[in-house]
Amino acid sequence: MRKFLPVLVVGAIPTLVFAQQNKVSSLVDQELSSLVATYKTIHAAPELSHHEEKTSALLAERLRSWGYDVTEHVGKYPNPDWKGYGVVAVMKNGAGPTLLVRADMDALPVEEKTGLAYASKVRAKDDSGADVPVMHACGHDVHVTSLIGTAKVLASLKDQWRGTLILIGQPAEERIDGARAMLADGLYTRFPKPDYAIALHDNSDMEAGKIAVTPGYALASSTSLDVTIRGRASHGSRPESSKDPIVMAAEYVLAIQTIVSRERSPFDPAVVTVGSIHGGTKHNIIPDEVHLQLSIRTYKDEVRQQIVASLERIARGIAIAGGVPDDRMPIVEASKTEYTTSMYNDPALTARVASAIERAIGKDNVVERPPAMASEDFPFLGLENHQIPIMMFSLGAIDADRIKASLNGDAPLPSLHSGLFYPAHEPTLRTGVIAMSAAILDLLKK
Ligand SMILES: [Zn+2]
Ligand SMILES: [Zn+2]
């Protein structure tokens, strides 16, 4: 008997896991039509960042009805006009690890052009008071609905896990200040501090039914930087009495191209983009100053700091070479609000979540993707120096036929943030809930 015991034990574990996965799949299938209806409701009523009032209320109401301890209005911004619409739902289920799962809730000022029956026709005032169209063009409606589905599965299978589960609805991801607003309002002091944090994001070029992971650095930090090149104004016919900021700005744009190519190691990926340049009012006037708006992307924070220092040094050097007086030196300012850190998917956590999802949806449906220089504010929830292991996986959201057509060159796929983007909602939601539930059940397993 003794001899056979290890065999019995080894055999018993996959059977249990298999039975649990069957339960999850059948629960999700029972819920799917209700989840699709919820998805369409949220999709048709998108809300801009800092204004997620109805979306957060809907999420809070569902989570509360399944026994979660829900707190609303979590989030404090530096701007007192913005309300924090963060939702924190806690389910305590005995001793064990604490896991946080995040879904972002905000939509974008994009006009929907999908022509779908449940397309958004919403218009709203943005923070500057302008009337803008609003659309869930980044799929955050998929994220909220997946969180609702996952919450139901975990509440129904409470006897299969232990520990503390925290589900959060995060506002203002698109403005990258929502995660920080929740932390500033006591996310980790008023509520249990997690041992891990995980999230998903839909993907506009991957098949629905599949998920992707990227161990290690996956997304870049993003820093918005404003540069004012100051000179001395003059009549356009009298360059000798000017310090021409337009010529200096032109030199600056070219000079900073060598920061990445000559100052950085090729093994430290970085991007320096000048996204906007404005100066002057008329043909025959040399203006006083020129404004530039830059975006910097890096993985490592020391690289980010070195690039900011180089941008300051080169701006000053060009001003000195141009004979600009000391009191008119350029101003280089990194935004303190439009900033996010890079996303480092903890390799061990990523491997664990990936294998849990592989067992749930099949090995062939879990792939590895290379990193990108795009950005997210989810990594703030990992705190500085990767104190809390985090990971985010990509959720395929597109019909296989559309992917095939795009690969043939017949119909290019609209990217996220496009007014033409639409997910194959049913298989995407099904996979999103099954994958996230599998990850949670593994991280909080008994
Ligand atoms: Zn987005
Ligand atoms: Zn997004």
Side-chain angles (χ1 to χ4, degrees), residues 39 42-43 46-52 55-56 59 85-87 101-114 120 122 124 126-127 132-148 168-182 197-206 208 211-214 218-222 224 273 275 295 297 337-343 345 369 371-381 390-398 413-425 428-429 431-432 435-436:
Y39 166 76
I42 299 172
H43 184 83
E47 293 171 301
L48 290 173
S49 313
H50 309 139
H51 301 273
E52 305 87 347
T55 313
S56 61
L59 176 64
Y85 286 112
V87 176
V101 181
R102 172 268 212 173
D104 41 5
M105 306 183 289
D106 54 330
L108 286 157
V110 169
E111 187 175 351
E112 177 151 4
K113 292 179 178 156
T114 59
S120 161
V122 172
D126 70 9
D127 286 332
V132 293
V134 190
M135 175 189 176
H136 268 298
C138 202
H140 297 183
D141 45 0
V142 170
H143 307 173
V144 175
T145 313
S146 296
L147 191 75
I148 289 173
I168 67 164
Q170 186 213 293
E173 186 281 325
E174 297 291 358
R175 300 286 294 271
I176 54 177
D177 55 5
R180 269 174 304 167
M182 291 187 79
I198 58 176
L200 60 79
H201 202 297
D202 62 339
N203 186 292
S204 61
D205 55 28
M206 193 167 66
I211 73 117
V213 294
T214 309
L219 295 173
S221 74
S222 166
S224 293
T273 289
S295 180
R297 308 292 170 119
T337 50
E338 264 191 54
Y339 159 67
T340 186
T341 184
S342 59
M343 187 159 78
N345 283 329
R369 273 177 86 90
M373 297 307 278
S375 303
E376 246 287 345
D377 75 348
F378 172 61
F380 281 121
L381 300 181
I390 63 161
M391 79 85 65
M392 172 181 270
F393 63 85
S394 290
L395 176 65
I398 307 298
L413 287 170
S415 67
L416 294 176
H417 292 205
S418 158
L420 294 168
F421 167 72
Y422 66 95
H425 54 264
T428 303
L429 291 169
T431 308
M436 191 53 94

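Start at 1 and go down the list; that is how both ligands and their atoms are numbered.
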Next item on the list: Can you list, by chain and residue number, the protein N, O or S atoms under 2.8 Å from the Zn ion (ligand 1)?
Entry: Cys138 SG, Glu174 OE1, Glu174 OE2, His417 NE2

Margin query: Side chains of Ser120 and Glu112 only: does a donor on one sit below 3.5 Å from an acceptor on the other?
Written below: no

Item checked: Pair Asp127-His51, side-chain donor/acceptor within less than 3.5 Å -> yes

Item checked: Residues forming a side-chain hydrogen bond (donor to acceptor under 3.5 Å, both in side chains) with Ser221, sequence neighbours excluded -> Thr298

Checklist line | Shortest-distance N, O or S atom of His201 relative to the Zn ion (ligand 2) | finding: NE2

Next item on the list: Please list, chain by chain and in numerical order, all residues satisfying side-chain hydrogen bond (donor to acceptor under 3.5 Å, both in side chains) with Ser394, sequence neighbours excluded.
Entry: none

Check: Taking only residues two or more places apart in sequence or in another chain, which ones pass side-chain hydrogen bond (donor to acceptor under 3.5 Å, both in side chains) with Thr273?
Finding: none

Note to self: For a 4.5 angstrom cut-off between non-hydrogen side-chain atoms, does Met392 reach Leu200?
What the structure shows: no

